[in-house]
Trainee: 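Input: one structure, supplied below.
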Amino acid sequence: MAEHKALHEPENAPPQPGQGDQDHIEHHIVQPGLYLMVFLALMCGTALTTGMAFVNLGIFNPIIALVIACTKAMLVILFFMHIKYSSKLTKLTLASGFFTLLILLTLTLSDYISRAWGLW
Amino acid sequence: MDSQAIATVDHEHPHSHDHPPYLKHHFETVEQQRETASLGMWVFLLTEIMFFSGLFCAYLIFRNWYHAAFVVASNTLDVTLGTINTAVLICSSFTMAMGVYSAEMRRKKHLVLYLIATLILGSTFLGIKAIEYHDKYTEHHIPGANFSIENFVHPNDPKEPPVGVDMAQHTPIYFELYFGMTGMHALHMVVGVCLLIVLIFRAQAGEFTAGHVTTVENFGLYWHFVDIVWIFLFPLLYLISKHA
């Protein structure tokens, strides 16, 4: 229906590739098929997290849970949040933010680990 | 000649003298405006990531100190409701992503429907969360004057290992983190739901299907961010030790 209308109203047509200004990164429209695949992967990840939690893997239980969670978060960031198709500036900003977070966490944890661990 | 007309005179591109009404004067192109808005949104989301990470860091330290208390306290949560809520939130992220796609494709009807679906799923999440909070209230597991460690020292369920009074007295720390983290997450959901209602009316008026999708796109980024927080909260709070 929407495609049919677009044929008769060219001024309301969706943007065509190659129209963007060459000074900036060309805007990429993620297709619904990819969204659907990411969605299914996220649902599988959720089932996997819950399933693995009921299997006794000792120290690996929280590690596997975090690996699955990070993978899911990565899928959301790359595709749902379009970072894969963003400019280098946005990518670098995000990466430097996470790097700063890593420094803050490392400093905090090294402080807690090195003094009176568990004595509060 | 008004300021609008002056701003449209572009010497590098003499063929484009008109510009869309949503392009602000201090941007050269729509793409530049869009990138700028997106970068600003990401910087805001980074501050949000920093904020939630503080809570996650506190969780990490206390979980290692009082692991036994965290295990028994975590086991009182309803994993079924938690899993359903995770699925509901992922579905809402998918409908939001499809909403952004509909805006790009300039399909107003689809955009409005996807935004309404996102609103319904977000509200469902909050409803299930309210049921879970009410369960904690009836079980006397909300930190405060009515908090009871009885269920941890003398568990009703024979499969649950009892913990000593000393360790059981640390269970409120788990529940403070549980209510703090899920509460902050739920507050973000409430803000998101309120913004969604406004966006649905603006989308219905055709504001986002004429080439200007930045608002919907940036709201999508916020919504997906809230989803990511829950992706971490769910295994860390609900699934600490289900295998014992």
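Reckoned from all heavy atoms, side chains included, excluding hydrogens, waters and symmetry mates. Below, read A as the first sequence line, B as the second, and so on, with proteins coming before strands; counting in each chain starts at 1. What you see is a predicted model; the values in this text were computed from it and never measured.
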Trainee: Take atom NZ in K91(A); do more than 12 heavy atoms of anything else shown fall under 6.0 Å from it?
Mentor: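 Correct, the count exceeds 12.
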Trainee: Looking at H185(B) versus F234(B), is the centre-to-centre ring distance below 6.0 Å?
Mentor: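 No, too far apart.
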Trainee: Has F60(A) got more than 12 heavy atoms of other residues, nucleotides or ligands less than 6.0 Å from its CZ?
Mentor: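 No, not enclosed.
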Trainee: Counting heavy-atom pairs under 4.5 Å to chain B, which of P32(A), A65(A), G97(A) comes out on top?
Mentor: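 Winner by heavy-atom pair count: P32(A).
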Trainee: Which answer fits T108(A), side chain, backbone, both or neither, if we ask what part of it has an atom under 4.5 Å from a heavy atom of chain B?
Mentor: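 The side chain, not the backbone.
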Trainee: Select, from S93(B), G220(B), G54(B), the one with the greatest count of heavy-atom pairs under 4.5 Å involving chain A.
Mentor: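 Heavy-atom pairs under 4.5 Å are most numerous for S93(B).
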Trainee: Examine whether an atom of V229(B) lies under 4.5 Å from a heavy atom of chain A, and if so say whether it belongs to the side chain, the backbone or both; otherwise answer neither.
Mentor: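 Neither part, no heavy atoms under 4.5 Å.
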Trainee: Taking atom types as modelled, is there a side-chain donor on S87(A) or T90(A) under 3.5 Å from an acceptor on the other?
Mentor: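 Yes, because at least one side-chain N or O of S87(A) sits under 3.5 Å from a partner of the opposite role on T90(A).
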Trainee: Can you tell me how the ring of F56(B) sits relative to the ring of F232(B), calling it parallel under 30°, perpendicular over 60° and tilted otherwise?
Mentor: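 Correct class here is perpendicular.
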Trainee: Check Y85(A) against L34(A) and note the closest heavy-atom contact, atom names and distance.
Mentor: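 Reported closest heavy-atom pair: OH-CD2, 3.3 Å.
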Trainee: Need one label for F225(B): side chain, backbone, both or neither, based on atoms under 4.5 Å from any heavy atom in chain A.
Mentor: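 For F225(B), backbone and side chain are both near chain A.
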Trainee: Using a 4.5 angstrom heavy-atom cutoff, name the option from L104(A), V38(A), T49(A), L101(A) with the most pairs to chain B.
Mentor: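 Among the listed options, the one with the most contacts to chain B is L101(A).
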Trainee: Report which part of L221(B) has an atom under 4.5 Å of a heavy atom belonging to chain A: side chain, backbone, both, or neither.
Mentor: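 Interface part for L221(B): both.
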Trainee: Atom OH of Y222(B) and atom CE of M41(B): how far apart are they, to the nearest 0.5 Å?
Mentor: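 Result: 8.0 Å between the selected atoms.
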Trainee: Using heavy-atom distances under 4.5 Å, tell me whether L36(A) contacts chain B through its side chain, its backbone, both, or neither.
Mentor: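 Its backbone and side chain both get close to chain B.
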Trainee: Which residue out of I240(B), L60(B), L239(B) racks up the most heavy-atom pairs below 4.5 Å with chain A?
Mentor: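 Most heavy-atom pairs under 4.5 Å with chain A: L239(B).
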Trainee: Assess the pair Y35(A) and F80(A): is the distance between their ring centroids shorter than 6.0 Å?
Mentor: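 So the answer is yes for these two rings.
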Trainee: Picking from A73(A), A47(A), G45(A), which has the most non-hydrogen pairs under 4.5 angstrom with chain B?
Mentor: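 The answer is A73(A).
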Trainee: Looking at S38(B), G211(B), C91(B), which one has more heavy-atom pairs under 4.5 Å with chain A than the rest?
Mentor: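 Looking at each option in turn, the highest pair count goes to C91(B).
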Trainee: Under 4.5 Å from any heavy atom of chain B, what part of L109(A) do you find: side chain, backbone, both or neither?
Mentor: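 Side chain only.
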Trainee: Give a yes or no on whether M50(B) atom CE has more than 12 heavy-atom contacts from other residues, nucleotides or ligands under 6.0 Å away.
Mentor: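 Yes, CE of M50(B) has more than 12 neighbouring heavy atoms, counting only those of other groups under 6.0 Å.
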Trainee: Identify which part of L46(B) has an atom lying under 4.5 Å from any heavy atom of chain A, answering side chain, backbone, both or neither.
Mentor: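 The answer is the side chain of L46(B).
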Trainee: Could you look at V100(B) and say if it's the side chain, the backbone, both or neither that has a heavy atom under 4.5 Å from chain A?
Mentor: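 The side chain, not the backbone.
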